[in-house]
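Here's the structure we're looking at; comments come further down.
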Amino acid sequence: MLPIDAAAHGSRWRRRHPVDKAVLGLGLTLLAISLPPWPGAALVLLTALVVLLGPAGVPGRRLWRAYRVPLGFCVTGALTLLVQVGGPGGFVAFAADGPIRAGELLLRTSAASLGVLLFAFTTPMSDLLPRLVRAGVPAPVVDVALVTYRMSFLLLDSVRRIREAQAARLGHTGRAAEWRSLAGLGATAFVRAFDRATRLQAGLAGRGYDGTLRVLVPEARVSVRFTAASCALLAAVAVLTLVLERPLT
């Protein structure tokens, strides 16, 4: 199980309806995109951090391990705005307003990423995917997503076992050995993935699969109080942004 999925299953908000958490997490993401970068995105980032580390109870170290990957993409995208190609300054030169635009983009993307992580850290996929059918998503699409999600854990476990076996046989002692082990890992994982898919198809056919996977979904109701509090928090962030809005220069 992936760390973020394990954290979602152990979250304080595990038993809440996904709609409750979507209103808050995805609402913060929309605010980060739509509000001015300063102070709007900064306020969204701070709010998301407080909610994640406070009421949601996400451990800081686990949050950082998941956040540093999208944050790296955010930083990489922002760095490209520091330079411009062509113009009077030469083929490649520093952009005049590059630092401001890079800072605005970094604030927006990093805050939006935290909003998505708030939803991911509190909502297991096994709770979300089956409920998408009630929201109008075609059942075959949900079934494919659910099977792919579950198969991904089996594939990751197979890759881990293969790497451990290669390491026990001195398969990582040099660069040449690393490349041979990597090629063997890819080939073996590819074959095992097809083998597991065939066995899964045979198992479903033997159990009378009719095109729909029926799974038990934990009972949960949309909390009017939680949703109202989330909307109030989002409105407070938007109003505070409009009150404190200043140019970034």
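What's counted below: heavy atoms across the whole structure, side chains too, no hydrogens, waters or symmetry copies.
For Asp195, the side-chain contact (heavy atoms from CB on, under 4.5 Å) test picks out Arg199, with sequence neighbours left out. Among residues two or more places apart in sequence or in another chain, the side-chain contact (heavy atoms from CB on, under 4.5 Å) test is passed with Leu46 by Val50. Annotation: salt bridge (Lys or Arg N to Asp or Glu O under 4.0 Å) contacts of Arg62 (sequence neighbours excluded): none. Annotation: side-chain contact (heavy atoms from CB on, under 4.5 Å) contacts of Arg169 (sequence neighbours excluded): Ala165. Remark: Phe190 pairs with Phe194 by the ring pair (Phe, Tyr, Trp, His ring centres under 6.0 Å) rule, at least two apart or across chains. Looking at residues two or more places apart in sequence or on another chain, you find a side-chain contact (heavy atoms from CB on, under 4.5 Å) between Pro124 and Ala8, His9, Arg14, Ser126, Asp127. Not counting sequence neighbours, Phe119 has no partner by the ring pair (Phe, Tyr, Trp, His ring centres under 6.0 Å) test.
For Ser110 (side chain) and Leu107 (main-chain N/O), a donor-acceptor pair under 3.5 Å exists by modelled atom type. A distance-only check finds a donor-acceptor pair linking the side chain of Arg108 to the backbone of Ala32 [under 3.5 Å]. With Arg12 contributing its side chain and Gly54 its backbone, the two residues share a donor-acceptor pair below 3.5 Å.
Apart from Ile33 itself, the hydrophobic cluster it occupies contains nothing, where clustering links Ile, Leu, Val, Met, Phe, Trp and Tyr at side-chain heavy-atom distances under 4.5 Å. Val222 shares a hydrophobic cluster with Val19, Val23; the chain of contacts runs through ILVMFWY side chains whose heavy atoms sit under 4.5 Å apart. When hydrophobic side chains of Ile, Leu, Val, Met, Phe, Trp and Tyr are connected at separations under 4.5 Å, Leu105 ends up clustered with Leu81.
Residues in residues 227-237 take part in these side-chain hydrogen bond (donor to acceptor under 3.5 Å, both in side chains) pairs, two or more places apart or across chains: Asp20-Thr227. Legend: side-chain hydrogen bond (donor to acceptor under 3.5 Å, both in side chains) pairs involving residues 175-194, not counting sequence neighbours, sorted by first then second residue: His172-Glu178.
Between the CG atom of Leu185 and the OG atom of Ser158 there is a distance of 10.0 Å, given to the nearest 0.5 Å. If you take CG on Leu118 and OG on Ser113, they are separated by 12.5 Å, rounding to the nearest 0.5 Å. Atoms CG and CD1, on Leu82 and Ile100 in that order, are 11.5 Å from each other to the nearest 0.5 Å. Distance check: Thr241 OG1 to Leu43 CG gives 4.5 Å after rounding to the nearest 0.5 Å. Leu24 contributes atom CG, which lies 6.0 Å from atom CG of Leu234 (distance to the nearest 0.5 angstrom). Taken to the nearest 0.5 Å, the CZ atom of Arg101 stands 9.0 Å off from the OG1 atom of Thr80.
The shortest side-chain heavy-atom distance between Lys21 and Arg16 falls under the 4.5 Å cut-off. With a 4.5 Å cut-off on side-chain heavy atoms, Leu114 and Leu28 do not count as touching. Side-chain contact between Trp64 and Leu71: present, with at least one pair of heavy atoms (C-beta onward) separated by less than 4.5 Å. Using a 4.5 Å heavy-atom cutoff, the side chains of Arg225 and Ser223 are in contact.
Closest approach of Leu53 and Gly60 over heavy atoms only: CD2-CA, 3.8 Å. Taking every heavy atom of both residues into account, Gly72 and Thr76 meet most closely at O-OG1, 2.8 Å. Ala189 and Val159 make their closest contact through CB-CG2, 4.2 Å (heavy atoms, listed as atom of the first residue, atom of the second, distance). Nearest heavy atoms, Ala102 versus Ala78: CB-O, 3.2 Å. Between Gly184 and Gln166 the shortest heavy-atom distance is C-NE2, 4.1 Å.
A centroid separation of 6.0 Å or more is found between the aromatic rings of Trp13 and Phe121.
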